Amino acid sequence: MLPYLSLAIWVPIVAGLLVLAVNRDRDAPAARWLALVGAVAGFAVTIPLYTQFTLGTAEMQFVETIEWIPRFSVNYLLGVDGISVLFILLNSFITVLAVWAGWVVIQTRVAQYMAAFLIMSGLINGVFASLDAVLFYVFFEAQLIPMYLIIGVWGGPNRIYAALKFFLYTFLGSVLMLVALIYLYTVSGSFSILEWYQLPLSLKTQEWLFAAFFIAFAVKVPMWPVHTWLPDAHVEAPTGGSVVLAAITLKVGAYGFVRFILPILPDASHYLAGFVITLSLVAVVYIGFVALVQPDMKKLIAYSSISHMGFVTLGFFLFSQLGIEGGLVQMISHGFVSAALFLCVGVLYDRMHSRLIGDYGGVVNTMPKFAAFAMLFAMANAALPGTSGFVGEFLVILAAVKANFWLGFLAATIMILGAAYTLWMYKRVWFGDVANAGVAALKDVSKREFWLLATLVAAILALGIYPKPFTDVMHASVAQLLTQVAQSKQ
Amino acid sequence: MSIAFNFGAALPEIVLASAACVILVVDLFVPDSRRQISYWLTQLTLLAAAYLTLVSPDDTPLRAFGNMYVTDKLADVLKLFAYVAVSLTLFYSRGYLAARGLFRGETFVLMLTALLGMMVMISANSFVTLYLGLELMSLSLYAMVALQRESERAVEASMKYFVLGALASGFLLYGMSMLYGATGTLEITGVADAIVNAHSNRVILVFGLVFVVSSIAFKLGAVPYHMWIPDVYDGAPTAVTLFIGSAPKLAAFAFAMRLLVGSLSALAFDWQGMLLVLSLLSMLFGNIIAIAQSSIKRMLAYSTIANMGFMLMGFLGATSDAYSAAMFYTVTYVLTTLVGFGVVLLLSREGFEADRLDDFKGLNQRSPWYAFMMLLAMFSLAGVPPTVGFYAKFSVIAAAVDIGLVWLAVVAVMASLVGALRVAKPGCCCRSTDSHCFCLAFFRRR
């Protein structure tokens with residue numbers, strides 16, 4: 001069997017380095033095609049991960065291990081279970097779209113732009129595939145650099161501020177995690193994450209470790225109140241950057257919760273569940289209201305992302321099969337929906353060079369096809385049944401109501417708030433009379449944009465109508481995760 | 001002790017010393033247009049020394065000159081990296097030196113004698129040899145800083161360096177005399193034996209130790225003995241700054257290893273407490289003050305201070321793993337500094353020093369490769385993976401956590417976060433007029 005996980009990591013990275021070789025801007029078409037081929041190849045090598053995945057077992061699959069730094073018993077140890085495998089596919093898929101989305105808009109330093117996306121894609125696959133903590137940390141940190149450059153070099157007018165804020169927030173969180181990882185190593189003598197699942201730890205120790213991991217992942221998710229970097233980063237990032245940021249990098253944080261915090265620190269997780277649930281609900285409700293008043297479309301979607309990710313963490317800390325699966329489905333769904341919405345904003349921004357809702361109105365008159373797409377994505381964001389957004393939110397709300405009615409009640413406000421801010425934005429931008437000459441001159445989506453959006457429509461509807469292929473993969477792993485969380489380690 | 005002169009153990013040093021004399025003489029007869037000859041002779045000397053070091057058998061430590069001199073594995077590795085550092089420094093600074101009339105025999109010879117001093121320090125097995133090496137290195141460095149005679153800043157920096165360096169040498173000699181008084185021997189291994197076997201007066205030993213640690217801290221540039229570093233780095237010609245910032249750190253590491261671990265390991269409990277304070281202060285002060293710098297040379301100077309603090313963390317572990325972490329850190333630091341200052345050097349043109357952060361404005365448009373390399377060096381100094389700086393930081397932090405100093409590890413990573421501010425400084429970016437930060441300069445369009 002081929003080492004599919006290594007391929008998933010290294011194919012995009014090598015492709016990215018090749019693209020870098022086509023450095024001159026007059027060779028841009030070559031760079032674009034090479035990047036697209038690389039991204040598609042990167043996606044292609046991840047497909048066997050799904051087709052050859054053995055259902056019904058929580059064991060790690062596609063395991064690869066090579067000795068790396070023997071002195072610290074660090075290994076190049078890869079493997080996926082039902083929780084992580086889907087994110088590798090999602091990430092490789094979104095990378096294809098991100099490369100495609102920058103096809104026309106990016107005219108300066110094309111090769112470097114494309115290469116940054118490909119390399120980042122490989123690194124993020126590494127995050128999801130690592131079973132060794134040092135390897136995980138290296139990928140976790142390294143993927144900051146391409147995103148930092150994407151925002152800093154190709155971003156909007158205030159890009160420097162946004163890039164720095166992004167970098168520093170995430171770096172702050174992760175350095176403390178590094179100490180936690182090293183501490184776990186000195187206690188256990190190994191950097192293998194799976195071995196840590198069996199490691200007995202006192203509650204006091206678990207609480208400290210929880211704090212370190214929690215800061216790292218909460219910043220990344222991002223949870224209220226450490227979310228402020230996200231709207232800034234989104235507003236300044238180029239469209240492709242926003243797509244990857246929302247669809248993938250946020251998932252890395254949430255993934256950390258299920259890979260590290262819940263199974264390694266079960267007692268602290270139970271002890272502090274109320275705290276995490278409170279923060280999640282604040283994100284859902286308060287950030288939902290914040291999203292309502294945003295004048296900037298990208299900011300609105302960014303706040304909507306925070307609110308939706310709050311749902312994910314809420315689901316995780318309910319400690320039930322429904323909650324955790326709901327959270328995971330929500331992560332995948334949000335990957336598609338937020339990517340689609342940011343692409344829509346990109347389509348408009350490329351034509352009008354404005355993201356302000358007030359600059360638009362009546363877009364449906366000039367861009368009917370585009371309006372249809374946007375309608376579907378807006379509905380998915382508002383969790384309309386039949387779209388992917390519904391599945392995850394429904395599962396989490398169900399789990400929340402089972403745990404406590406009022407918890408479910410507060411969580412369910414996302415249905416109302418989500419519908420309110422998304423559809424209100426839709427009304428103001430797309431409906432009504434043509435607002436100004438700019439809107440009147442708009443041309444409908446090009447063939448490239450059409451297929452870009454159509455792919456996402458297919459994904460959103462597939463997950464919404466028949467989520468079984470996705471949830472089947474998760475069952476066994478989530479069940480095992482639940483037994484791990486239920487076991488006290490003291 | 002029947003170890004006679006055994007010249008073989010010091011062959012690279014002997015070759016280097018003779019070559020330095022030859023180059024000095026040859027340079028007299030070389031016209032200015034042919035100055036390349038001296039340059040290539042210097043590189044050739046380094047190559048020859050590297051070859052001799054490589055082929056020397058290092059399974060068992062070779063001792064020479066009545067056990068005052070030792071060539072072991074540690075010495076070989078450190079020396080090899082010192083050759084690499086000096087060779088690269090020379091290579092990078094060719095254009096810079098030529099543009100400033102410093103492409104002269106004196107420069108090369110001083111570099112070689114400084115290197116010789118470092119090698120003697122690295123291989124010293126006696127307090128006297130150690131001191132000899134230290135002085136040879138320091139005197140050459142003082143002269144190198146002042147090479148640009150017409151530059152007031154350079155001369156001032158040289159004076160500062162000299163006065164403070166002389167003070168540190170005084171400390172060292174005073175400390176050594178105390179240790180000699182307590183143990184009756186100057187031999188490094190002998191002192192270790194004497195402390196363990198003969199019950200020496202502990203008060204005198206610790207008293208001497210304080211002075212020895214102070215001089216080590218001075219050579220490394222650890223807070224509060226760091227005052228000379230920013231001024232010297234800033235005042236010296238950039239090529240010399242590169243030289244001072246690289247190879248001598250290896251020698252300083254060996255200096256600390258030989259003294260603290262080689263001879264005073266019985267007092268480890270005492271010096272660990274001192275190093276803990278030095279390490280903590282250096283990490284915090286170095287990283288915090290670095291933010292406020294507008295000159296890239298000063299910024300790198302404070303970054304040196306901070307990095308030496310990290311390196312000292314490795315000494316706290318008092319196990320061979322921890323020492324090797326510290327050594328790995330030193331080597332990594334030297335290599336990264338070479339890149340950082342190397343880019344500064346290559347960007348400095350005739351009559352123009354690229355030493356303000358402003359000078360880097362729009363660098364990634366002018367020369368994307370240099371910008372990329374600089375960015376990598378900065379990420380490495382801040383310890384962001386997958387750069388080597390991360391692995392170095394990782395191993396010293398692991399050494400600290402291993403002995404239960406988790407709080408120190410937390411302080412260290414927080415300090416490295418502040419260090420990342422150097423790469424990515426937000427305060428300045430809020431104010432559009434202030435451009436004192438690298439990233440800003442990096443991303444800003446000209």
Side-chain angles (χ1 to χ4, degrees), chain A residues 20 23 68-69 71-72 74 108-109 111-112 123 126 134-145 148-149 151-155 157-187 191 205 208-209 211-212 229, chain B residues 321 324-325 328 364-365 368-369 371-372 375-376 379 382-387 390-391 393-421 423-432 435 437-445:
Chain A
L20 267 186
N23 204 10
W68 183 25
I69 311 173
R71 187 159 104 54
F72 291 106
V74 171
T108 53
R109 278 172 285 164
Q112 293 171 31
L123 295 174
V134 173
L135 192 63
F136 173 87
Y137 186 81
V138 168
F139 282 126
F140 186 81
E141 284 283 276
Q143 48 108 355
L144 288 183
I145 300 176
Y148 172 69
L149 293 176
I151 300 174
V153 177
W154 292 275
N158 206 8
R159 63 188 182 283
I160 296 162
Y161 170 73
L164 295 181
K165 199 167 172 185
F166 163 75
F167 184 79
L168 288 179
Y169 262 76
T170 29
F171 198 64
L172 163 75
S174 54
V175 288
L176 289 174
M177 180 170 76
L178 178 63
V179 179
L181 296 179
I182 292 175
Y183 179 80
L184 281 167
Y185 164 71
T186 55
V187 176
F191 271 113
T205 317
W208 281 107
L209 291 170
W229 62 272
Chain B
D321 274 357
S324 68
F328 181 52
N364 78 327
Q365 269 151 15
W369 282 112
F372 182 65
L375 198 69
L376 274 190
F379 273 127
V384 179
T387 56
F390 164 70
Y391 299 100
K393 232 158 235 179
F394 175 84
S395 48
V396 290
I397 289 173
V401 174
D402 204 33
I403 51 165
L405 288 173
V406 180
W407 66 269
L408 184 67
V410 171
V411 174
V413 294
M414 292 319 273
S416 82
L417 176 72
V418 180
L421 282 165
V423 190
K425 191 173 124 193
C428 64
C429 301
C430 310
R431 291 169 282 144
S432 56
S435 53
C437 90
F438 177 72
C439 89
L440 185 73
F442 180 75
F443 288 136
R444 174 170 286 175
R445 294 173 185 137

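Everything quoted here is computed from the prediction, not taken from an experiment. These values consider heavy atoms only, across backbone and side chains, with no hydrogens, waters or symmetry-generated copies. By convention in this document, chain letters (A, B, ...) are assigned in the order of the sequence lines, proteins followed by strands, and residues within each chain are numbered from 1.
Among the candidates V406(B), D402(B), D321(B), the residue making the largest number of heavy-atom pairs closer than 4.5 Å to chain A is D321(B). Chain A forms the most heavy-atom pairs under 4.5 Å with one residue out of A398(B), S324(B), A412(B), and that residue is A398(B).
Of the two parts of L178(A), only the side chain, counted from C-beta on, holds a non-hydrogen atom closer than 4.5 Å to a non-hydrogen atom of chain B. Using a 4.5 Å cut-off between heavy atoms, V187(A) makes no contact with chain B at all. In this structure, chain A has no heavy atom under 4.5 Å from any part of T387(B).
A distance of 11.0 Å separates CG of L181(A) from CD1 of I397(B), quoted to the nearest 0.5 Å.
Between Y137(A) and F390(B), the distance separating the two ring centers is shorter than 6.0 angstrom.
Residue W208(A) places its CH2 atom among 12 or fewer non-hydrogen atoms of other residues, nucleotides or ligands, all under 6.0 Å distant.
Closest approach of V179(A) and A409(B) over heavy atoms only: CG2-O, 3.9 Å. Scanning all heavy atoms of the two residues, the minimum distance from Y183(A) to V401(B) falls at CA-CG1, 3.8 Å.
Proximity of I69(A) to Y391(B): side-chain heavy atoms (C-beta onward) are separated by under 4.5 Å at one or more points.
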